[in-house]
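Scroll down for the structure; my scribbles are underneath it.
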Number of protein chains: 2
Amino acid sequence: MTKDTMTIRQMCDTFGVTARTLRFYESKELLSPLRDGQRRLFTRRDRARLKLILRGKRFGFPLEEIRQLLDLYDVGDQQQTQYRETIDRARAHLAELRAHREDLDEAIADLDQQINWGARMLATMKRKDAAE
Amino acid sequence: MTKDTMTIRQMCDTFGVTARTLRFYESKELLSPLRDGQRRLFTRRDRARLKLILRGKRFGFPLEEIRQLLDLYDVGDQQQTQYRETIDRARAHLAELRAHREDLDEAIADLDQQINWGARMLATMKRKDAAE
DNA sequence: CAAGAAGTTGACGTTGACGTCAACCAAAAC
DNA sequence: GTTTTGGTTGACGTCAACGTCAACTTCTTG
C-alpha cells in the first residue's frame, strides 16, 4: 500500500534540489523519510512537506519558521488544546501572508509606474538624439 | 536647500536598522551619504533608497539584485544604452514580482482552506467530547 | 568477482548579511 | 581641560543554508 516512496535521487530530480539539501532538511527535522537499511525512502508525506518548504523558502521564510508551520498540514493525533493552538498559529500566519501581499501589491504598482516613467524618458532621449 | 539630511542615528531610529547595517550598505554601494568631515549625512535620496532596500529585503531579494534595481529610481545621468538595460532589468523584476504574487495567492488559498478544514475538525472534536 | 553506481555519514569550506570589539577622533558639556 | 556623546575605520566573529570532499557500504551488472 505504502509503496509510493521515492529514492533521494528521484526526489532531487522531481523537486530540483540536491541530495545534500534533503539530508540537511532531515537533520533539521523538516523531513523524516523512512529507511531501507541505510537508505532513505521519501514518502508522500515527505513530498508534501518538501513542497511546502520550498514554497516557504520562495517567500523568504527561514527554515525554522517553516518547520513550525509544517505541523499545520499534519493533522496528526493532537489533543484538542494543541490543535486549537495550531489553528491559531495558522491564522496568525495567514494574516502575515495577507499583509505580505499588500506590501507586494504596492511594490508592483510602484515599479510598474516607474517603468512607464522610464520608458517615456527613454523615448524623449531618443527624440532628442534624433534631432541633433 | 539640501538641509534635510540626517545623522546615522536618526536614520537608525527612523528605519529600525543598526549603524553597522548602514555602513555596510554604503560599503556595498547601495547608499552614498554625504560627509561632514568624517561623519555621514544621509540625504533624501539615501532615505528613498533605503526604503526600497528594506522592501526588497522583505521580499527576500539579495542585496546585489536590489542594488541593480535602485538605479531605476535614480534617473541620473545615465547613457541611453545603460538606461535601456536598467529598464529591461526592471521589467524582468516586475515579472518576478507578479509570479511571486500568484504563488502567494495560492499559498493564501491553501492555508485558508486548511484552516477551515481544521476549524470544522475542531468543532467535531468538541461535539464528540460533549457527547461522552 | 571486480567494478561501477547509488547512497551513507562526518568534517570542513563558503557566502551573504550583518554583529562585535578595539582603537581612534572631535565637538560639547561639565 | 577632561570626560561624555556620537561618530569613525578596520578586523574578526557568527549564523543560516547549504557545497564539497573523503572514506565507507551496498546493490547490480557485465
Side-chain angles (χ1 to χ4, degrees), chain A residues 3-43 46-47 49-70 93 96 100 103, chain B residues 2-43 46-47 49-70 89 93 96 100 103:
Chain A
K3 200 64 226 78
D4 53 351
T5 72
M6 284 174 118
T7 88
I8 201 167
R9 197 110 323 263
Q10 288 174 314
M11 288 291 281
C12 294
D13 296 348
T14 306
F15 292 96
V17 299
T18 70
R20 180 67 182 89
T21 299
L22 293 174
R23 295 190 199 107
F24 179 73
Y25 288 168
E26 182 182 357
S27 80
K28 291 301 173 86
E29 295 179 67
L30 288 144
L31 299 176
S32 46
L34 300 174
R35 294 302 175 113
D36 169 29
Q38 291 264 77
R39 305 184 170 188
R40 292 166 176 82
L41 288 181
F42 295 85
T43 66
D46 290 312
R47 263 127 55 199
R49 290 173 73 94
L50 182 54
K51 223 166 157 180
L52 291 169
I53 292 167
L54 296 179
R55 180 151 80 184
K57 290 211 59 189
R58 285 200 299 278
F59 300 144
F61 292 109
L63 287 185
E64 177 51 29
E65 194 173 336
I66 293 173
R67 194 183 61 78
Q68 308 224 358
L69 282 162
L70 280 175
H93 188 65
E96 252 192 86
H100 199 91
D103 203 2
Chain B
T2 28
K3 198 66 226 76
D4 53 349
T5 72
M6 284 174 121
T7 90
I8 201 169
R9 197 111 320 262
Q10 289 174 314
M11 288 291 281
C12 294
D13 296 348
T14 306
F15 293 96
V17 299
T18 71
R20 180 68 180 88
T21 300
L22 294 173
R23 293 190 201 105
F24 179 73
Y25 288 169
E26 183 182 355
S27 81
K28 292 302 173 82
E29 294 181 67
L30 288 144
L31 299 176
S32 45
L34 299 175
R35 293 303 175 114
D36 168 30
Q38 290 265 79
R39 307 184 165 188
R40 291 165 176 81
L41 288 180
F42 294 85
T43 66
D46 291 312
R47 262 127 54 199
R49 290 172 74 94
L50 181 54
K51 223 165 157 181
L52 292 168
I53 293 167
L54 296 179
R55 180 150 80 186
K57 290 213 60 189
R58 284 200 300 279
F59 300 142
F61 292 107
L63 288 185
E64 178 51 29
E65 193 173 337
I66 294 174
R67 194 184 62 77
Q68 308 223 355
L69 280 162
L70 280 174
R89 272 207 306 278
H93 190 69
E96 254 192 85
H100 200 91
D103 205 0

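Within every chain, numbering begins at 1; the chains are lettered A, B, ... in the order of the sequence lines, protein sequences first and strands thereafter.
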Tell me the interatomic distance from A:D36, atom CG, to C:dG7, atom C1', rounded to whole angstroms.
11 Å

Value for NZ (B:K28) from CD1 (B:I66), rounded to nearest 0.5 Å, stands at 12.0 Å

Without decimals, in angstroms, what is the distance between A:Q10 CD and C:dA6 C1'?
12 Å

For B:E29, does the CD atom sit with more than 12 other heavy atoms under 6.0 Å from it, leaving out its own atoms?
no

Hey, could you give me the OG1/CG distance between A:T21 and A:L30, rounded to the nearest 0.5 Å?
11.5 Å

Looking at B:R35 and B:E26, is there a salt bridge between them, counting it only when a charged N and a carboxylate O are closer than 4.0 Å?
yes

Check this one for me: any side-chain N or O of A:R40 less than 4.0 Å away from OP1 or OP2 of C:dG7?
no

Angle between ring planes, A:F59 versus B:H100, binned at 30° and 60°: parallel, tilted or perpendicular?
perpendicular

Counted 5' to 3', the first and last nucleotides of DNA chain D within 4.0 Å (strictly under) of a heavy-atom of chain B are D:dG6 to D:dT9

If each of B:Q38 and B:K57 is mapped to the nucleotide of DNA chain C with the nearest heavy atom, which maps nearer the 5' terminus, i.e. the 5' end?
B:K57

Are the side chains of A:D46 and A:L34 in contact, using a 4.5 Å heavy-atom criterion?
no

Going by an N to O cut-off under 4.0 Å, is there a salt bridge joining A:R55 and B:D103?
no

Would you jot down, in residue-number order, the residues of residues 20-28 of chain B having a non-hydrogen atom under 4.0 Å from DNA chain C?
B:R20, B:T21, B:F24, B:Y25

Contact class for A:R39 vs. all strands (heavy atom < 4.0 Å): base, sugar-phosphate, or nothing?
base

Do B:R40 and B:M11 have side-chain heavy atoms sitting under 4.5 Å apart?
no

